[in-house]
There are 2 protein chains.
Amino acid sequence: MTDRAPLSKGEMEVARVLWELGRATVRQVHEAFPPERAVDFSTVQTYLRRLDAKGYVRAWLEGRTRVYAPLVKPTTVIRETVDDLVDRLFGGRALPLVRHLIERHDIDEGDLAELRELLDRLEGQSDA
Amino acid sequence: MTDRAPLSKGEMEVARVLWELGRATVRQVHEAFPPERAVDFSTVQTYLRRLDAKGYVRAWLEGRTRVYAPLVKPTTVIRETVDDLVDRLFGGRALPLVRHLIERHDIDEGDLAELRELLDRLEGQSDA
DNA sequence: ATCCTCGCCGTACATTTGTACGTGATTCGT
DNA sequence: ACGAATCACGTACAAATGTACGGCGAGGAT
């Protein structure tokens, strides 16, 4: 409901790093960035500022250093982002996407087991 | 490889309609738009033009009417779009997304069966 | 012949996104 | 105590995005 402005691609990358770190300064986020995806320190800074403005993170000063922490949970962002994608690209049907993910991405043994369990649970829940 | 510029959200919606219609004029795409997601005729026109420029569709004149048809297949766009999303939002791990989709979207009985089959097939394939 | 309508095409324009610099303040090393 | 490093913060700016208007030509109605 909170009708946040959606995250852009770049903002997502930064948000993900912040979720991993839990709480971090600009520098920490910048350093945690995958080396092949190098961006400037101030670019990260800008993204964090924008994430703050959009309400995805909060920030405060600790001494003279600004510290950022996530405000919304990954699951929330996933929901909003993915649902939007599913709507636009598949008109709301999720299965084609699931199929793609399973077939193409490396879902390892453990993941397969987990999926299977999930299916079992769901089947139990349905009308039957 | 063909390194097309990525589709924006709006472009995706239009592309999806065109995939459904297979071949359509601006007006047809415009009319096929879900009523709650109403956009102007010329907005659709602009999107189709941009899809053409980006190489996702092709267009030609039939009499004095321009007709558009998809050039790249849905699966291709899905791959490019979703893989990018998985990278940015999950650092490449697909399972969290799959879990979300299965739990939250309506996966009906038939879909469940299909998924189960898919899992079976994959398990057979792995090294074990 | 005239006028209306439809569609193409060029153009527009505010906002968002990606990417970053420069300035002024602060602190650390020596 | 002086220069070097470090930050926050304001600002910049081109490209992409979302959304749309207006002119002009072709075809149909009167």
Side-chain angles (χ1 to χ4, degrees), chain A residues 3-18 23-31 33-69 77 80-81 84-85 87-89, chain B residues 3-18 23-34 36-69 77 80-81 84-85 87-89:
Chain A
D3 208 13
R4 270 174 297 272
L7 285 184
S8 75
K9 288 156 188 251
E11 286 161 356
M12 267 181 225
E13 289 181 282
V14 173
R16 183 167 68 79
V17 173
L18 194 59
R23 173 187 174 293
T25 65
V26 179
R27 187 150 305 275
Q28 286 169 329
V29 172
H30 181 235
E31 271 159 13
F33 245 66
E36 72 279 11
R37 179 68 183 83
V39 288
D40 194 275
F41 176 88
S42 35
T43 302
V44 173
Q45 201 174 30
T46 300
Y47 277 131
L48 284 171
R49 245 183 278 143
R50 287 182 186 165
L51 285 173
D52 189 13
K54 289 188 178 180
Y56 285 91
V57 309
R58 85 202 133 88
W60 64 94
L61 276 175
E62 254 173 47
R64 61 185 213 91
T65 303
R66 188 162 288 277
V67 179
Y68 292 86
V77 172
E80 292 169 356
T81 306
D84 184 70
L85 183 72
D87 277 357
R88 294 186 196 256
L89 209 45
Chain B
D3 208 14
R4 270 173 296 272
L7 285 184
S8 76
K9 288 158 188 249
E11 286 161 356
M12 268 180 226
E13 288 181 283
V14 173
R16 184 167 68 79
V17 173
L18 194 59
R23 174 188 175 293
T25 65
V26 178
R27 187 148 306 274
Q28 287 169 330
V29 172
H30 182 235
E31 271 158 15
F33 244 67
E36 72 278 12
R37 180 67 183 82
V39 290
D40 195 274
F41 175 88
S42 34
T43 303
V44 173
Q45 199 174 31
T46 300
Y47 277 132
L48 284 171
R49 245 182 279 145
R50 287 182 185 165
L51 284 173
D52 189 12
K54 289 188 177 180
Y56 285 90
V57 308
R58 85 204 133 90
W60 64 93
L61 277 175
E62 254 173 45
R64 56 186 218 91
T65 303
R66 187 162 289 277
V67 180
Y68 291 86
V77 172
E80 292 168 356
T81 307
D84 183 70
L85 183 72
D87 277 357
R88 292 184 197 258
L89 207 46

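Quick note on labels: first sequence line is chain A, next is B, and so on, each numbered from 1.
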Phosphate OP1/OP2 of D:dA20 contacted by B:Gln45 side-chain N/O (<4.0 Å):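 Indeed not, no polar side-chain atom of B:Gln45 lies that close.
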
Using a cut-off of strictly less than 4.0 Å, decide whether B:Thr46 has a side-chain nitrogen or oxygen near OP1 or OP2 of D:dG18.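 Indeed not, no polar side-chain atom of B:Thr46 lies that close.
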
To the nearest 0.5 Å, what is the distance between CG on B:Asp40 and NE2 on B:His30?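 B:Asp40 atom CG to B:His30 atom NE2 measures 6.0 Å (nearest 0.5 Å).
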
Starting at OG of B:Ser42, measure out to CZ of B:Arg49 and round the result to the nearest 0.5 Å.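 Going from OG on B:Ser42 over to CZ on B:Arg49, the span is 8.5 Å.
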
What residues, two or more places apart in sequence or in another chain, satisfy side chain to side chain donor-acceptor pair (under 3.5 Å) together with [X]?
X	value
A:Asp52	none
A:Glu13	A:Arg37, B:Arg88
B:Thr65	none
B:Glu62	B:Arg23, B:Trp60

Can you tell if the side chain of [X] reaches within under 4.5 Å of the side chain of [Y], non-hydrogen atoms only?
X	Y	answer
A:Leu18	A:Leu51	no
B:Arg66	B:Gln45	no
A:Glu11	A:Val14	no

Over how many whole Å does the gap from [X] atom [atom1] to [N] atom [atom2] extend?
X	N	atom1	atom2	answer
A:Leu61	D:dA8	CG	C1'	8 Å
B:Glu62	D:dA26	CD	C1'	17 Å
B:Phe41	D:dC21	CZ	C1'	13 Å
A:Asp40	D:dA8	CG	P	14 Å
A:Trp60	D:dC9	CH2	P	14 Å

Does A:Thr65 make a side-chain donor-acceptor contact with the base of D:dA8, cut-off 3.5 Å?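 No, the side chain and the base share no sub-3.5 Å donor-acceptor pair.
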
Between which nucleotides of DNA chain C, read 5' to 3', does contact with chain A run, using atoms under 4.0 Å from its heavy atoms?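 Endpoints of the contacted stretch of DNA chain C: C:dT17 to C:dT27.
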
Select base, sugar-phosphate, or nothing to describe what [X] touches, counting heavy atoms under 4.0 Å on all strands.
X	result
B:Arg66	sugar-phosphate
A:Thr25	nothing
B:Arg37	sugar-phosphate

Which residue, A:Leu7 or A:Ser42, contacts DNA chain C at a nucleotide closer to its 5' end, judged by nearest heavy atom?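 Nearest nucleotide further toward 5': that of A:Leu7.
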
Closest-nucleotide mapping onto DNA chain C: is B:Val26 or A:Glu13 further toward the 5' terminus? I mean the 5' end.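 That would be B:Val26.
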
From D:dC9, D:dA20, D:dT17, pick the nucleotide closest to the side chain of B:Thr43?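 In terms of side-chain proximity for B:Thr43, the closest of D:dC9, D:dA20, D:dT17 is D:dA20.
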
Residue-level proximity of residues 48-58 of chain B to DNA chain D when a heavy atom falls under 4.0 Å: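 Those residues are B:Arg50, B:Lys54.
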
